[in-house]
Undergrad: 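Before anything else, here's the structure in question.
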Amino acid sequence: MNRLSHRGLLTFCLLAIGIGQALAHSSDEHDGHDMAAGKASPETTRIKFADVDLLDQNGKVVSLEKDLVRHKIVVMGFIYTRCTSVCPMVSSIMGKVQKQLGARVGTEVQLVSISIDPQRDDPQRLNDYARTFQTGPGWSWLTGSPQSVDATLKGLGAYSGDVKKHSPQILVGDGNNRSWTRYYGFTDPTELARAVEKLSGERNTHAKHTAIAMEQQP
């Protein structure tokens, strides 16, 4: 075998080793995350809001439904700050949704990220984490006691019992309706923004019909 053949074989072996190491690292980093869920279609789901107190990134006590969701169109994700693979992707997607919707976030639209690791993610840690993704108001990052967070996640259909085994998912819905859409995996931010626009249009149409009906009353 000539020198060129030896060099080619060496290069191939190094590439194979590198790929193997990368796959092993990826497997560890994504351990338990349901990556196959990225191929799943959005589904309509019924949710329930637990009547518990949570804490936002500023340490303020909040009720998810009463203070953040009610009367708003909501985009909601689930993360934990020690996650270095899936969660930053979910947060980045929501950050792009915020940029696309602009000033509507904080008025008509509310973004919510809930930590699934409340024992480690206190408000200060969430506040530091949020700075990487958040570009304006209208985005609340929530934690709380393990009991309160578990009850919240169970009502939203996002409870896994193990932070490493949660599926990447984002919920979009109208806070005045319990029927929402669940998006699995890494959804295109434009698709999520369109879902918000659709809900906004439906809300405006309903408001117009209500106004007309009231005008027609004797």
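Numbering of residues begins at 1 and proceeds along the displayed sequence. If you're wondering where the values come from, they're calculated on a predicted model, not measured in any experiment.
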Undergrad: May I ask you to test the Thr190-Val97 pair for a side-chain heavy-atom distance under 4.5 Å?
TA: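 No, too far: nothing below the 4.5 Å cut-off.
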Undergrad: Distance from Lys66 atom NZ to Asp51 atom CG, nearest 0.5 Å?
TA: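 The distance works out to 5.0 Å.
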Undergrad: Measuring only between side-chain heavy atoms, which start at C-beta, is Lys96 closer than 4.5 Å to Phe133?
TA: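 Not in contact.
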Undergrad: Between CG of Asp53 and CG of Leu64, what distance do you get to the nearest 0.5 Å?
TA: 11.5 Å
Undergrad: Between atom CD1 of Ile47 and atom OG1 of Thr181, what is the distance when rounded to the nearest 0.5 Å?
TA: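 OG1 of Thr181 is found 10.5 Å from CD1 of Ile47.
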Undergrad: Do you know which of Ile114, Thr152, Val163, Val86 makes side chain to side chain contact (heavy atoms under 4.5 Å, CB included) with Phe78?
TA: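 Going through Ile114, Thr152, Val163, Val86 one by one, the side chain to side chain contact (heavy atoms under 4.5 Å, CB included) with Phe78 is satisfied by Ile114 alone.
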Undergrad: Between the main-chain N or O of Val105 and the side-chain N or O of Gln98, is there a donor-acceptor pair closer than 3.5 Å?
TA: no
Undergrad: Do Gln134 and Trp141 have a side chain donor and acceptor closer than 3.5 Å?
TA: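 On atom types as modelled, these side chains qualify, holding a pair under 3.5 Å.
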Undergrad: Taking atom types as modelled, is there a side-chain donor on Ser179 or Arg46 under 3.5 Å from an acceptor on the other?
TA: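 Result is no, nothing qualifies.
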Undergrad: With side chain to side chain contact (heavy atoms under 4.5 Å, CB included) as the test, would you mind laying out the steps for His166 and Cys87 before giving the verdict?
TA: CA-CA 10 Å; His166 78 106; Cys87 302; 3.7 Å; yes
Undergrad: In terms of side-chain geometry, is the basic nitrogen of Glu65 or Arg178 positioned less than 4.0 Å from the acidic oxygen of its partner?
TA: yes
Undergrad: What pair of heavy atoms forms the shortest contact from Gly144 to Pro118, and how long is it?
TA: O-CB, 3.2 Å
Undergrad: Measure from the side-chain N and O atoms of Ser92 to the backbone N and O of Pro88, and report whether any donor-acceptor pair falls under 3.5 Å.
TA: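 Absent.
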Undergrad: Would the distance check show the side chain of Ser167 and the main-chain N or O of Gln169 forming a donor-acceptor pair, the cut-off being under 3.5 Å?
TA: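 No: the side chain of Ser167 does not pair with the backbone of Gln169.
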Undergrad: Just by distance, no angles: are the side chains of Ser113 and Trp139 close enough, under 3.5 Å, to form a donor-acceptor pair?
TA: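 A pair is found: one side chain offers a donor N or O, the other an acceptor, under 3.5 Å apart.
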Undergrad: Within a 6.0 Å radius of atom CD on Gln119, are there more than 12 heavy atoms belonging to other residues, nucleotides or ligands?
TA: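 No, because the 6.0 Å sphere around CD of Gln119 holds 12 heavy atoms or fewer from other groups.
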Undergrad: Do Glu108 and Ser200 have side-chain atoms, one donor and one acceptor, less than 3.5 Å apart?
TA: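 A donor-acceptor contact under 3.5 Å links the two side chains.
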Undergrad: If you apply the rule side chain to side chain contact (heavy atoms under 4.5 Å, CB included), what do you find for Leu156 with Trp180, and how did you get there?
TA: CA-CA 10 Å; Leu156 298 172; Trp180 288 37; over 6 Å; no
Undergrad: Knowing that exactly one of Asp128, Asn127, Asp121 qualifies, which makes a side-chain hydrogen bond (donor to acceptor under 3.5 Å, both in side chains) with Gln124?
TA: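 Single pass found, and it is Asp128.
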Undergrad: Using 4.0 Å as the upper bound for N to carboxylate O, is an ion pair formed by Lys60 and Asp56?
TA: no
Undergrad: Quick check: closest heavy atoms across Lys72 and Val109, and the distance to 0.1 Å?
TA: CD-N, 4.5 Å
Undergrad: Please indicate whether Asn58 has more than 12 foreign heavy atoms, meaning atoms of other residues, nucleotides or ligands, lying under 6.0 Å from its CG.
TA: yes
Undergrad: Dump the intermediate steps for side chain to side chain donor-acceptor pair (under 3.5 Å) on Tyr183 and Glu43, then the final yes or no.
TA: CA-CA 7 Å; Tyr183 295 84; Glu43 64 179 27; over 6 Å; no
Undergrad: Taking it one step at a time, do Ile170 and Met76 satisfy side chain to side chain contact (heavy atoms under 4.5 Å, CB included)?
TA: CA-CA 6 Å; Ile170 292 176; Met76 187 183 305; 5.9 Å; no
Undergrad: Should Asp117 and Arg120 count as an ion pair when the cut-off is N to O under 4.0 Å?
TA: yes
Undergrad: Under 4.5 Å between any side-chain heavy atoms of Val75 and Val112, yes or no?
TA: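 A side-chain contact is absent here, since even the closest heavy-atom pair is not under 4.5 Å.
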Undergrad: Looking at Ala193, is its backbone amide N or carbonyl O close enough to the side chain of Gln100 to form a donor-acceptor pair, meaning the two atoms are under 3.5 Å apart?
TA: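 It does not hold such a pair.
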Undergrad: Do the side chains of Glu191 and Pro42 get nearer than 4.5 Å, heavy atoms only?
TA: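 Result yes, sub-4.5 Å side-chain heavy-atom pair found.
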Undergrad: Can you get from Val69 to Leu55 by hopping between Ile, Leu, Val, Met, Phe, Trp and Tyr side chains that sit under 4.5 Å apart?
TA: no
Undergrad: Might you point out which heavy atoms bring Gln110 and Gly138 nearest each other, and give the distance in Å?
TA: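 So the two residues come closest at NE2-O, 3.2 Å.
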Undergrad: Let me confirm one number: the NE2-CZ distance from His71 to Arg203, rounded to the nearest 0.5 Å.
TA: 8.5 Å
Undergrad: Please assess Gln57 against Ser140 for the test side chain to side chain donor-acceptor pair (under 3.5 Å), listing each intermediate value before the final yes or no.
TA: CA-CA 7 Å; Gln57 70 269 34; Ser140 293; 4.8 Å; no
Undergrad: To the nearest 0.5 Å, what is the distance between CE (Met89) and CD1 (Ile79)?
TA: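 That separation rounds to 15.0 Å.
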Undergrad: Rounded to the nearest 0.5 Å, what separation is found between the CE atom of Met94 and the OG1 atom of Thr187?
TA: 11.5 Å
Undergrad: Val149 versus Ile116: any side-chain heavy-atom pair under 4.5 Å?
TA: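 A side-chain contact under 4.5 Å is absent here.
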Undergrad: Tell me, do Pro168 and Phe186 make a side-chain contact under 4.5 Å, heavy atoms counted?
TA: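 Yes, close enough: below the 4.5 Å cut-off.
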Undergrad: Ile73 and side chain to side chain contact (heavy atoms under 4.5 Å, CB included): which single residue from Leu101, Asn177, Leu199 fits?
TA: Leu199
Undergrad: Go through it in stages, so that I can follow the logic: the residues are Val74 and Val172, the test is side chain to side chain contact (heavy atoms under 4.5 Å, CB included), and I'd like the CA-CA distance, side-chain angles, deciding distance and then a yes or no.
TA: CA-CA 6 Å; Val74 181; Val172 179; over 6 Å; no
